[in-house]
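Here's the structure, in structure tokens; my notes come after.
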Amino acid sequence: MSIQQSEVLYTAVATAEGGRDGRVATDDGTLAVVVNPPKEMGGSGAGTNPEQLFAAGYSACFQGALGVVARQQKADITGSTVTAKVGIGKNEDGFGIIVEISADIPNVDAVTAKALLEQAHQVCPYSKATQGNITVTLV
């Protein structure tokens, strides 16, 4: 379900220069990074890359969604972490990405952790945005 422009609470603005071999910065100056292709893709690997930035954003957003569902379920996720692995590779259209999300939730059993992960995947805005577009696996 999409939102209308009048419902937007916040808009992040970032500008890239030089594509995968340049720099990217937010309009408020809180993020300014050099981007370079990873060594595995023929680059220097000296800077960050778009996949790392996507993984950082997705994992942070998913952790927030996990907090929402944990509060609803009265589950203790203190000390939990969420890891997003974003892979890039060739596909029939050129290149595509694939994501693997995992969480370490030390204060709940494995069944509860799996259920929380699945519920968070249903409410996370990144998960909703990627649904049907890329493969996202929960582990």
Side-chain angles (χ1 to χ4, degrees):
M1 174 184 261
S2 62
I3 63 172
Q4 302 300 313
Q5 185 62 36
S6 61
E7 299 169 316
V8 172
L9 300 175
Y10 169 76
T11 300
V13 178
T15 302
E17 178 184 327
R20 288 184 159 275
D21 207 359
R23 54 179 257 101
V24 65
T26 55
D27 64 335
D28 63 2
T30 59
L31 178 71
V33 295
V34 171
V35 289
N36 298 117
K39 290 180 181 180
E40 296 84 351
M41 293 179 67
S44 69
T48 191
N49 60 66
E51 291 69 39
Q52 289 173 322
L53 295 170
F54 187 72
Y58 203 160
S59 63
C61 188
F62 202 97
Q63 177 77 46
L66 183 63
V68 168
V69 298
R71 283 189 294 283
Q72 292 170 345
Q73 300 296 320
K74 298 188 178 8
D76 181 8
I77 64 161
T78 304
S80 66
T81 59
V82 172
T83 301
K85 295 180 181 179
V86 176
I88 185 170
K90 291 186 178 184
N91 64 14
E92 63 278 355
D93 297 328
F95 284 88
I97 61 172
I98 189 168
V99 177
E100 181 181 289
I101 302 281
S102 62
D104 178 28
I105 311 172
N107 297 324
V108 300
D109 60 73
V111 172
T112 302
K114 183 176 178 6
L116 289 170
L117 210 60
E118 290 171 356
Q119 292 168 16
H121 190 47
Q122 297 305 310
V123 300
C124 174
Y126 274 59
S127 291
K128 290 179 182 181
T130 60
Q131 189 175 22
N133 299 313
I134 64 172
T135 300
V136 177
T137 305
L138 305 177
V139 294

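Note that this is a predicted model, so its numbers are computed, not measured.
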Please examine the side chains of Leu66 and Ile105, heavy atoms only from C-beta on, and report whether any two atoms are closer than 4.5 Å. yes
What residue pairs, at least two apart or across chains, pass ring pair (Phe, Tyr, Trp, His ring centres under 6.0 Å) with a residue in residues 60-103? none
How far does CD1 of Ile88 sit from CD of Glu40, to the nearest 0.5 angstrom? 11.5 Å
Residue pair Thr15, Asp27: steps toward the side-chain contact (heavy atoms from CB on, under 4.5 Å) verdict: CA-CA 7 Å; Thr15 302; Asp27 64 335; over 6 Å; no
Say you draw a straight line from OG of Ser80 to CG of Asn107; how long is it, rounded to the nearest 0.5 Å? 8.5 Å
Quick one: does any side-chain atom of Asn49 pair with a main-chain N or O of Pro38 as donor and acceptor, under 3.5 Å? no
Polar side-chain atom of Gln63 near backbone of Val82 as donor-acceptor pair, under 3.5 Å: yes
What residues form a side chain to side chain contact (heavy atoms under 4.5 Å, CB included) with Gln122, not counting sequence neighbours? none
Flag if over 12 foreign heavy atoms under 6.0 Å of CD, Glu17: no
Note, Gln72 side chain near Gln119 side chain (heavy atom, < 4.5 Å): no
Which of these, Leu116, Val136, Val69, Ile101, sits in a side-chain contact (heavy atoms from CB on, under 4.5 Å) with His121? Val136
Shortest non-hydrogen separation from Gly47 to Gln52 and the atoms involved: O-OE1, 4.2 Å
Spacing of CG belonging to Asp104 relative to OG1 belonging to Thr83, to within rounding of 0.5 Å: 8.0 Å
Spell out, yes or no, whether Leu138 and Ile134 are grouped together once hydrophobic residues are joined by side-chain heavy atoms under 4.5 Å, including indirect joins. yes
So which heavy atom on Val33 is nearest to which on Leu31, and how close? CG1-CD1, 3.8 Å
Please determine whether residues Ile97 and Leu53 belong to a single hydrophobic cluster, defined as Ile, Leu, Val, Met, Phe, Trp and Tyr linked transitively by side-chain heavy-atom distances below 4.5 Å. no
Going by side-chain contact (heavy atoms from CB on, under 4.5 Å), Asp21 matches just one of Val35, Asn36, Val34. Which one? Asn36
Taking ring-ring contact (aromatic ring centres under 6.0 Å, His included) as the definition, give me every residue that meets it alongside Tyr58, ordered by chain and number, with sequence neighbours left out. Phe54, Tyr126
